[in-house]
Colleague: 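My questions will all concern the structure given below.
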Amino acid sequence: MTATVTEAGKYSNEATTNKASDPSKVEGETGSITINKVDKGNNVLKGAEFSVALDGTKLEFVEVETGVYRLATADDAADTKVTNVVATNGSVVVKGLDEGTYNIVEEKAPKGYSVVDVPNQTISAGQNANITVKVTDTKLSALPHTGGIGTTIFTIAGCAIMVAAAFFFFTSRKKANK
C-alpha cells in the first residue's frame, strides 16, 4: 500500500493485492482551520497562542512556515512538535485535519487584551473542509494608579500622633512619681 500527498491538503491512497488486477485507489482531502486574530476595530493582533483539540485531546503540530502548521505525525522529531500554535502576524493556519469537531482554545492573548472563548469548529468533507475563524479580543482597561502621596501624609501623621502619645505618657508618669 502506498500513500502519496499530491498537493497541500490532498492525498491519494493506492492498494494492490495478488487477487485483483486493478489497484484500489482512494483520493481525499484533509481540512484546515485558519484563525484570524483581531480587535473590535478589525485591526490585526499579533502573538496570540491557540491550542486545537479533537475528542478532548490536544493535537500536536509542526510549524512549516511562519504562522502555518501541519498536524504532527509519528515520524516528526519530538522537539519539533508543539501543542500551541502562534498567530505571529495575526493569523495562524493549522492543516492536515480530518473530519470532526475541533475545540479551539485561546491559551494566551496579545499583551493588553483578554483571552476569549472560541466556538468549536466542524470540518466535514466537501464544502466545509477549510474553515476560517475570526477571533475578536477585548482590550483590557488600565487599573487606576494606587498609593501615591496621599498614603505618605497619613503615615507621617500617624507616626507623629504615636510619638506625641508616648511623650505625654512618659511625662505624666514622671509627674506621678514625684
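The figures that follow rest on heavy atoms only: side chains count, while hydrogens, waters and symmetry mates do not. As the structure is a computational prediction, the values presented were derived from the model and not from experiment.
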Colleague: Keeping S114 on the side-chain end and T138 on the backbone end, is there a donor-acceptor pair under 3.5 Å?
Modeller: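 Present.
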
Colleague: Given side chain to side chain donor-acceptor pair (under 3.5 Å), test N84 with S51 step by step and report yes or no.
Modeller: CA-CA 5 Å; N84 285 0; S51 65; 4.6 Å; no

Colleague: Got a salt bridge between E63 and R70, using NZ or NE/NH1/NH2 to carboxylate O under 4.0 Å?
Modeller: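 Not counted as a salt bridge, because no side-chain N and carboxylate O are separated by less than 4.0 Å.
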
Colleague: Looking only at atom types and distance, does a side-chain atom of Y69 sit under 3.5 Å from a main-chain N or O of V86, one as donor and one as acceptor?
Modeller: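 Answer holds: yes.
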
Colleague: K37 versus S91: any side-chain heavy-atom pair under 4.5 Å?
Modeller: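 Side chain of K37 against side chain of S91, heavy atoms only: no contact under 4.5 Å found.
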
Colleague: Run T34 and N36 through side chain to side chain contact (heavy atoms under 4.5 Å, CB included) and show every step you take.
Modeller: CA-CA 6 Å; T34 301; N36 294 320; 3.8 Å; yes

Colleague: State whether the side chain of E106 and the backbone N or O of V116 hold a donor-acceptor pair below 3.5 Å, judged by distance alone.
Modeller: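 Yes.
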
Colleague: I'd like to know if the side chain of T80 reaches the main chain of D76, judged simply by a donor and an acceptor atom lying under 3.5 Å from each other, with no hydrogens or angles considered.
Modeller: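 It does not hold such a pair.
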
Colleague: For the pair T88 and T66, evaluate side chain to side chain donor-acceptor pair (under 3.5 Å) and give the outcome as yes or no after the intermediate values.
Modeller: CA-CA 7 Å; T88 306; T66 302; over 6 Å; no

Colleague: Tell me whether E49 contacts the main-chain N or O of G47 through its side chain, where contact means a donor paired with an acceptor under 3.5 Å.
Modeller: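 It does not hold such a pair.
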
Colleague: For atom CG of D55, is the number of surrounding heavy atoms from other residues, nucleotides or ligands below 6.0 Å larger than 12?
Modeller: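 Counting other residues, nucleotides and ligands, CG of D55 stays at 12 neighbours or fewer.
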
Colleague: Is the shortest side-chain heavy-atom distance between I123 and D98 below 4.5 Å?
Modeller: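 A side-chain contact under 4.5 Å is absent here.
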
Colleague: For the side chain of D39 and the backbone of G41, is there at least one donor-acceptor N/O pair under 3.5 Å apart?
Modeller: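 A pair under 3.5 Å: yes.
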
Colleague: Any heavy-atom pair between the side chains of V115 and K108 that's under 4.5 Å?
Modeller: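 Counting from C-beta outward, K108 and V115 never come under 4.5 Å.
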
Colleague: If we only count heavy atoms from C-beta on, is the L54 to L59 side-chain gap below 4.5 Å?
Modeller: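 The answer is yes; the side chains approach within 4.5 Å.
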
Colleague: What I'd like to find out is whether the side chain of V38 reaches to under 4.5 Å of the side chain of N43, using heavy atoms alone.
Modeller: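 SC-SC contact between V38 and N43 ruled out.
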
Colleague: So, do L97 and I33 sit near enough that their side-chain heavy atoms are less than 4.5 Å apart?
Modeller: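 When only atoms from C-beta onward are counted, I33 and L97 do touch, with a gap below 4.5 Å.
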
Colleague: Answer yes or no: is there a side-chain heavy-atom contact under 4.5 Å between V62 and V82?
Modeller: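 No, too far: nothing below the 4.5 Å cut-off.
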
Colleague: Does N42 form a side chain to side chain donor-acceptor pair (under 3.5 Å) with K134? I'd like the steps, not just the answer.
Modeller: CA-CA 9 Å; N42 279 331; K134 184 167 116 176; 2.9 Å; yes

